[in-house]
Amino acid sequence: MNNLLDTLKKYDIDMKYYIPYGNNKGKIDLSILNTLNKKDGKLILLTSVTPTPAGEGKTTLSIGLNDAFNLLNKKSIVTLREPSMGPVFGLKGGATGGGMATLEPEENINLHFNGDFHAITSAHNLLSSLIDNHIYHGNKLNIEEVIWPRTMDINDRSLRKIKTTLREDKFVITAASEIMAILALSRDIDDLKQRLENILIGFDNNKNFIYAKDIGGINALVLLLKEAINPNVVLSKEGNLALVHTGPFGNIAHGSNSIIATNLSLKLADYVITEAGFGSDLGMEKFIDVKMLEAKKNIDLVVLVTTIHSLKYHGGLDDYHSDNLEALKEGIKNLEKHIENIKSFNLDFIVAINKHNYNKEQEINFLINYCKNNGYKVELSSCFDDGAKGSVNLAKLIINEIANKEASKITRPYTLEDSPTLKIKKLAKKIYGASDVIFSKKATLQLNLYHDLIKNIPVIIAKTHSSLSSNSSLRGRPTNFILEINEIRPQMGAKFFVALTKGINTMPGLNDNPRALSI
């Protein structure tokens, strides 16, 4: 606890704003934002190539990079999402980094942490309960169809469709809850309350929209979230500050930590290192088109994370530990597409190679030379094995790249004035590389039904993270594929709408050998 307190004091945080949760973790009262007048620090965003079973190490590198900045006596903070227990007990595992670049207490963060996920789950399900209670006690609003689901923070495919005593229903995982997105995008309690009021919960018998404010109980939802809105603080293994707050997934939600945590970090530090879930086609795109649009912030530099084994996997090699320069050459096509995506947003970037001790020098040199020959700045990081010193050269390159330079004005793939259909098509073609988009009959009807509601807000396309396409088996850089949109879900409290591609479920299932069995 003393170590955390000492670190907080280095950032001139008045202890009256610190809320301890045990000895080595806590929260910062968001009211501190009203007292900070410092100019924003530099914002560094980490994204990656298309994820593979081997993992790319974005979180690990984010933590290691923050450690390296601190080793260089720079005032920096790493700002990350909270882990969901679905992946912790499923396929992916935790989200606190790895090796020498890890957040602590690792187990607590990966599980219940400071209770934010439980608070979000409770608030979400309280609204479900209030809706059903209203129907049970006379249904004065004449509710005919409810589109608000229930939620829990565990993977359970059997809950994708359920039947209650009143109606058919379903569950989504907490990371996909609209209340998770709302909390992540809210600026303060008043903004949170207004967004909760505007949650679309269903229709009456004349197809009029019904909102959460029509049901009531919004103050009770806010009460459940009054602590969860405060960002969490912990330290890395090397004793450096991390803000960890909210946890929307990058493939079915907007994939980044809260606006509150980002704003606070930018006021406390000269450099803020953050990540967006999965590749540039998912988390980064949504970070820019949803979160940064809402936060009205710019990005000073993008760090594109890749590994040798990821590129060999995208080159068609399942045994990515084996030597295969041809597979690496083929897999670079995936890297190229992500570079094109970053450039399309008019953002400066560098390539970071997350180095592992089993990587061959020939393969590393080939990738470095490829980047240099194409004019891309590139640097290695070995923070998993070597901690802060393994990312020092990368940190120096970043500092040099953004020194005395203003962030570029972001160019987005669509405008808010574009129709909902056009937004989806522009994203699919420009960012994914799709040749066309087709809409199911259901999605087409929903686009017509919701058109006036969603016409001036951003879109979240929910698709697989394992491919640039919507087919998880297509590695590398797929071309001439069609994106299929199956469903449209307005999230009016979060102020975006979700377009779900074919095969996407917002309640994941467990894999055949979930991590829960080996704990």
Side-chain angles (χ1 to χ4, degrees), residues 86 117-182 195-222 224-225 249 252-253 440-454 460 462 485-494 496-500 502-509:
F117 270 67
H118 299 308
I120 292 164
T121 301
S122 297
H124 183 118
N125 290 333
L126 175 57
L127 179 54
S128 293
S129 180
L130 289 169
I131 293 166
D132 285 351
N133 189 58
H134 177 92
I135 295 170
Y136 180 82
H137 287 289
N139 196 11
K140 292 180 181 178
L141 292 172
N142 296 315
I143 299 172
E144 187 171 87
E145 182 182 353
V146 177
I147 62 171
W148 182 252
R150 285 173 157 82
T151 193
M152 65 182 293
D153 191 34
I154 293 291
N155 292 359
D156 192 342
R157 65 174 54 82
S158 64
L159 296 179
R160 289 173 182 168
K161 290 183 180 180
I162 64 168
K163 192 164 187 177
T164 71
T165 55
L166 285 176
R167 59 187 175 87
E168 291 185 353
D169 204 352
K170 64 184 176 185
F171 276 75
V172 299
I173 195 165
T174 303
S177 164
E178 184 178 351
I179 293 183
M180 175 66 80
I182 285 171
R195 288 171 178 272
L196 292 170
E197 289 175 339
N198 290 329
I199 291 172
L200 179 66
I201 63 102
F203 311 91
D204 68 12
N205 51 7
N206 290 315
K207 283 295 180 185
N208 296 311
F209 299 130
I210 300 174
Y211 296 89
K213 59 189 172 187
D214 300 321
I215 296 294
I218 301 302
N219 285 341
L221 305 188
V222 175
L224 283 170
L225 299 169
F249 286 165
I252 55 180
S440 69
K441 184 178 179 181
K442 178 180 181 181
T444 301
L445 290 171
Q446 290 170 328
L447 282 166
N448 291 330
L449 175 64
Y450 298 130
H451 181 270
D452 289 345
L453 269 186
I454 65 176
I460 295 282
I485 302 296
N486 263 18
E487 186 179 350
I488 303 296
R489 296 181 186 174
Q491 300 205 342
M492 304 314 297
F496 57 66
F497 71 97
V498 181
L500 286 89
K502 185 178 180 180
I504 278 290
N505 286 298
T506 48
M507 169 52 81

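Using a 4.5 Å heavy-atom threshold, the side chains of E144 and F203 count as separate. Under the 4.5 Å side-chain criterion, counting only non-hydrogen atoms from C-beta, I143 is not in contact with R167. Here the side chains of L196 and I182 are in contact, with some heavy-atom distance below 4.5 Å. The shortest side-chain heavy-atom distance between K442 and N486 does not fall under the 4.5 Å cut-off.
Closest of all the heavy-atom pairs between A212 and I201 is N-CG2, 4.0 Å. Across every non-hydrogen atom of E178 and M492, the tightest pair is OE2-N, 3.3 Å. Nearest heavy-atom pair across F497 and P490 is CB-CA, 4.0 Å. In plain terms, the two heavy atoms of A220 and L126 that are nearest each other are CB-CD2, 3.9 Å. Summarising the geometry of A462 relative to I504, their closest heavy-atom pair is O-CG1, 3.4 Å, with the distance given to 0.1 Å. The nearest pair of heavy atoms linking A253 to A175 is CB-O, 3.8 Å.
In terms of the side-chain contact (heavy atoms from CB on, under 4.5 Å) criterion, residue partners of D214 (sequence neighbours excluded) are, by chain and number, L141, I210, Y211.
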**Asked** Hey, mind stepping through I252 and I173 against side-chain contact (heavy atoms from CB on, under 4.5 Å) and telling me if it holds?
**Response** CA-CA 10 Å; I252 55 180; I173 195 165; 4.2 Å; yes
**Message:** Evaluate I485 against L447 for side-chain contact (heavy atoms from CB on, under 4.5 Å), listing each step before the verdict.
**Reply:** CA-CA 11 Å; I485 302 296; L447 282 166; over 6 Å; no
**Request:** Take H134 and K140 through the test side-chain contact (heavy atoms from CB on, under 4.5 Å) and record every step on the way to the result.
**Result:** CA-CA 8 Å; H134 177 92; K140 292 180 181 178; 4.1 Å; yes
**Prompt:** What do the steps show when you test I488 against L449 for side-chain contact (heavy atoms from CB on, under 4.5 Å), and what is the final call?
**Reply:** CA-CA 10 Å; I488 303 296; L449 175 64; over 6 Å; no
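Note that CG of L130 and CG of N125 are 11.0 Å apart. Values are rounded to the nearest 0.5 Å. Here F171 contributes atom CZ and S158 contributes atom OG; the two are 9.5 Å apart, rounded to the nearest 0.5 Å. To the nearest 0.5 Å, atoms CD (E197) and CG (L221) are separated by 10.0 Å. D169 CG to I147 CD1: the interatomic distance, rounded to the nearest 0.5 Å, is 12.0 Å. One finds the CD1 atom of I131 at 11.5 Å from the CG atom of L166 (value rounded to the nearest 0.5 Å). Atoms CD1 and CG, on I135 and N142 in that order, are 11.0 Å from each other to the nearest 0.5 Å.
Here the side chain of N505 pairs no donor or acceptor atom with the backbone of M507 at under 3.5 angstrom. For D204 (side chain) and N206 (main-chain N/O), a donor-acceptor pair under 3.5 Å exists by modelled atom type.
H124 and T151 form no side-chain donor-acceptor contact under 3.5 Å, judged by distance and modelled atom types alone.
Checked against T506 for a side-chain hydrogen bond (donor to acceptor under 3.5 Å, both in side chains), the options R489, E487, R160 give a single hit: R489.
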